[in-house]
*Asks:* 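Before I ask anything, here is the structure I am working with.
In the text below, chain A, chain B and the rest are named by the order of the sequence lines, each starting its count at 1.
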Amino acid sequence: DTGVSQDPRHKITKRGQNVTFRCDPISEHNRLYWYRQTLGQGPEFLTYFQNEAQLEKSRLLSDRFSAERPKGSFSTLEIQRTEQGDSAMYLCASSPGYANTEAFFGQGTRLTVV
Amino acid sequence: GQQLNQSPQSMFIQEGEDVSMNCTSSSIFNTWLWYKQDPGEGPVLLIALYKAGELTSNGRLTAQFGITRKDSFLNISASIPSDVGIYFCAGYDTGTASKLTFGTGTRLQVTL
């Protein structure tokens with residue numbers, strides 16, 4: 001399967017702990033996106049990368065959140081000092097390196113903060 | 001964050017019926033995408049639309065890019081049980097070509 005891959009699929013953590021998620025995009029795609037989705041809502045944009053450069057961050061991305069894409073391939077999203085409000089599905093997507101194109105999503109990482 | 005308005009929010013239909021749903025925006029969009037999401041899974045791309053007035057089909061699904069560029073429509077013909085799920089519209093508007101804005105979703109449930 002050459003689709004977008006996310007790991008882990010599920011994560012349960014205690015409040016205050018740090019968590020890190022990984023996303024492997026479709027290999028020839030230059031753009032990589034992170035979205036967050038809460039129950040009953042559509043996905044909300046967090047940030048995106050063009051190759052290794054992080055070009056835009058949403059106001060939803062507080063200073064406890066950090067994303068990296070060090071070699072322009074896989075990406076990680078870290079949440080420090082997790083809060084219960086961070087519980088959500090975190091989705092990664094990738095697309096070819098030009099604007100206004102199809103984006104393909106991974107299966108997501110379901111985070112539960114207890 | 002900004003979201004597109006989808007209608008209806010949810011619908012129950014009988015197997016074999018046709019389904020219509022729409023998505024509207026206050027701003028002009030360059031691209032419209034339609035996704036289906038099953039519980040606990042990521043959205044799966046169904047159809048992409050790139051030009052105002054464009055009509056595109058994918059099997060039993062047909063979608064249209066509204067001529068005002070502020071709306072899009074998705075039709076499903078002869079619905080079957082596996083059509084159950086949440087359908088999201090998404091698009092790139094002219095001011096934010098780098099990110100997708102998603103709709104609020106239409107939940108489809110099919111009764112046998």
*Asks:* Taking NZ, NE, NH1 and NH2 as the nitrogens, is one of them in E41(B) or R9(A) under 4.0 Å from a carboxylate oxygen of the other?
*Replies:*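 Yes, E41(B) and R9(A) are salt-bridged.
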*Asks:* Heavy-atom distances under 4.5 Å only: say whether Q37(A) touches chain B with side chain, backbone, both or neither.
*Replies:*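 Side chain only.
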*Asks:* Which pair of heavy atoms, one from E102(A) and one from L45(B), lies closest together, and at what distance?
*Replies:*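 Nearest pair, atom of E102(A) first, then L45(B): CB-CD2, 3.7 Å.
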*Asks:* Would you say Q80(A) has more than 12 foreign heavy atoms packed within less than 6.0 Å of its CD?
*Replies:*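 Enclosed.
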*Asks:* Please look at Q37(B) and chain A and tell me whether the side chain, the backbone, both or neither of the residue comes under 4.5 angstrom of a heavy atom of that chain.
*Replies:*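 Looking at Q37(B), just its side chain touches chain A.
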*Asks:* Do Y92(B) and Y48(A) share a hydrophobic cluster, counting only Ile, Leu, Val, Met, Phe, Trp and Tyr and linking them when any side-chain heavy atoms are less than 4.5 Å apart?
*Replies:* yes
*Asks:* Same cluster or not: are F74(A) and L32(A) linked, directly or through other Ile, Leu, Val, Met, Phe, Trp or Tyr residues, by side-chain heavy atoms under 4.5 angstrom apart?
*Replies:* no
*Asks:* Which atom names give the shortest non-hydrogen contact between F88(B) and G42(A), and what distance separates them?
*Replies:* CE2-CA, 3.4 Å
*Asks:* Pick one: which of R31(A), E44(A), E56(A) meets side-chain contact (heavy atoms from CB on, under 4.5 Å) with K99(B)?
*Replies:*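 Output: one option passes, namely E56(A).
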*Asks:* Between V44(B) and L108(B), is there a shared hydrophobic cluster once you connect ILVMFWY residues whose side-chain heavy atoms come closer than 4.5 Å?
*Replies:*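 No, V44(B) does not connect to L108(B) through the hydrophobic network.
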*Asks:* If you count heavy atoms of other groups shown closer than 6.0 angstrom to CD of Q109(B), is the number above 12?
*Replies:* yes
*Asks:* Surrounding CG of L55(A) (heavy atoms of other residues, nucleotides or ligands, distance under 6.0 Å), is the total greater than 12?
*Replies:*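 Yes - once you tally the heavy atoms of other residues, nucleotides and ligands closer than 6.0 Å, there are more than 12.
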*Asks:* According to a 4.5 Å side-chain heavy-atom criterion applied to Ile, Leu, Val, Met, Phe, Trp and Tyr, with indirect links allowed, do I79(A) and I12(A) form part of one hydrophobic cluster?
*Replies:*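 In one cluster with I79(A): I12(A), no.
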*Asks:* Hey, would you say the F102(B) and F105(A) ring centroids sit under 6.0 Å apart?
*Replies:* yes
*Asks:* Please round to the nearest 0.5 Å and tell me the distance separating atom CG of N30(B) and atom OG1 of T101(A).
*Replies:* 12.0 Å
*Asks:* So do F45(A) and T101(B) actually touch side chain to side chain, heavy atoms under 4.5 Å?
*Replies:*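 Contact flag for T101(B)/F45(A) side chains = no.
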*Asks:* So which heavy atom on G42(B) is nearest to which on L91(A), and how close?
*Replies:*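 Scanning both residues completely, I find the closest heavy atoms to be CA-CD2, 3.8 Å.
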*Asks:* Does Y35(A) reach the main-chain N or O of L100(B) with its side chain, forming a donor-acceptor pair under 3.5 Å?
*Replies:* yes
*Asks:* Count I, L, V, M, F, W, Y as connected when their side-chain heavy atoms are under 4.5 Å apart, and connections chain through other members. Are I80(B) and L74(B) then in the same cluster?
*Replies:*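 Not linked; separate clusters.
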